[in-house]
There are 2 protein chains.
Amino acid sequence: MARTQKSADDPRRRILDVAAAAFAASGFEGARVDQIAKRAAVNKAMLYYHVGDKDVLYETILLETIEDALARIAAATASSKTAEDRLRSTVATIADTARRHSHFAPLMLRELASGGATLPDRVMQRMRDVFQAVRDALEQGTRSGEFRAVDPVATHMFIAGSLLVLLAGGPIRRRIRQLTDVPKVSVADRSPADIASFVCDVVLEGLRPPAAPRALRRRTPLKKKN
Amino acid sequence: MARTQKSADDPRRRILDVAAAAFAASGFEGARVDQIAKRAAVNKAMLYYHVGDKDVLYETILLETIEDALARIAAATASSKTAEDRLRSTVATIADTARRHSHFAPLMLRELASGGATLPDRVMQRMRDVFQAVRDALEQGTRSGEFRAVDPVATHMFIAGSLLVLLAGGPIRRRIRQLTDVPKVSVADRSPADIASFVCDVVLEGLRPPAAPRALRRRTPLKKKN
DNA sequence: GTCTATATACCGATAGAC
DNA sequence: GTCTATCGGTATATAGAC
């Protein structure tokens, strides 16, 4: 059918998916190659044959995700006119990347915690490009007067931090909920798209220039769809 | 001088401090007991004698930090009148806890990434109390009309996420800066107190009820002190 | 209380048969 | 391409001498 297999039948694809989940759950050092091979239903020697050693495995997963995010950000923001549109598209695309690659947010949180200790240089360079995409939108808004003068680095970390923690916080929130009562429904339990909207709403409120009347700024309504 | 040693001469104290740094840098699985003992200048057998095994070590560090945070939050918010004061005090105290225990933010980020997989139940219960402190301030503001109706869970994760990532993001920001030019100064490079103010400013902007005139909301000025 | 030596287990990686 | 068997290294934890 095809020269290169991309479906779930492809052993390499299965290995990468299983490994991504393992790295997300246990970190680079905590993930076990034996366990990854077992869960991917391949012999350990085949894992090394098809992908490479543990470092290559990790780097491949991160690069794959980040390249996907960058391509989608470029596509999504190509037609953006205003800075607000550009910022919303960029953040929504990052959130959607986290939805399509469920390991993305945990891996990024771990890299933040370690200061990027296990990040290969090539991955670090592409991550910087993702960061730059957010800052570009912020700086465009500041230049055009759409946003008030803003600290682009701090604002970017603000967006990235709240987004990543909201996206990755599901499991720990559920564990806490078991200890408490609180069966409440929260935006935090909704889809990545709704979470992205929530983050953008709050941040854009803070970015609004002093002169602009409040009523002109729309607030994204939450849709029922997951 | 004292019955229980608390200074840096206390081997137990040294072990806990070194271990905290190791867990923050490499995670629970990645941290090495041998290395912790070596850096704390104690024999490995003494580490087990004075503290216990790796699990006890980890739980002790987390509990110590969280109990400290809870006690300080209670003290700081005791005299709070308005919800804004209460929220600012709580967030500032959490940030100050992160300053005094530099391992705090990385450890929390790792636990978020793993969904609390390595979190002992006792630690989880106390963490819930920290979360509750933030939500209490938010709900007080909503009840009194000081804040607009707000999603307390999502808003809390929003605050916690941006705060933790801003606090823990220093090293990775420096590594990215080596790849780029951008020698700019950012709020993100300032003290935990300034970072806490920044987060509160943005969030309070989003919490302001529709009717309140914008000029009435103060924005905390950044102080030079670290 | 302190240290050496070691038990026990496991992990990443590969050699080599098929 | 696939698998078994295993090497070499290292991890946590403790026993036991002092």
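To find a chain, count down the sequence lines: A is the first, B the second, and so on, and within it residues start at 1.
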Could you tell me how far apart A/Glu29 (CD) and C/dG12 (P) are, to the nearest whole angstrom? 11 Å
Could you state the CG-C1' distance from B/Asp34 to D/dG9, rounded to the nearest angstrom? 13 Å
Taking the ring centre of each residue, are A/His103 and A/Phe23 less than 6.0 Å apart? no
Of all heavy-atom pairs linking B/Thr118 and B/Ser114, the shortest is N-OG, 4.3 Å
So which heavy atom on A/Val187 is nearest to which on A/Phe198, and how close? CG1-CB, 3.9 Å
Are B/Arg32 and D/dT10 close enough that a side-chain N or O sits under 4.0 Å from OP1 or OP2? no
A/Gln125 and A/Asp129: side-chain donor and acceptor closer than 3.5 Å? no
Hey, can you pull the residues of residues 35-55 of chain A with a non-hydrogen atom under 4.0 angstrom from DNA chain D? A/Asn43, A/Ala45, A/Met46, A/Tyr49, A/His50
Name the residue from B/Asp96, B/Asp17, B/Asp68 that meets the side chain to side chain donor-acceptor pair (under 3.5 Å) definition with B/His101. B/Asp68
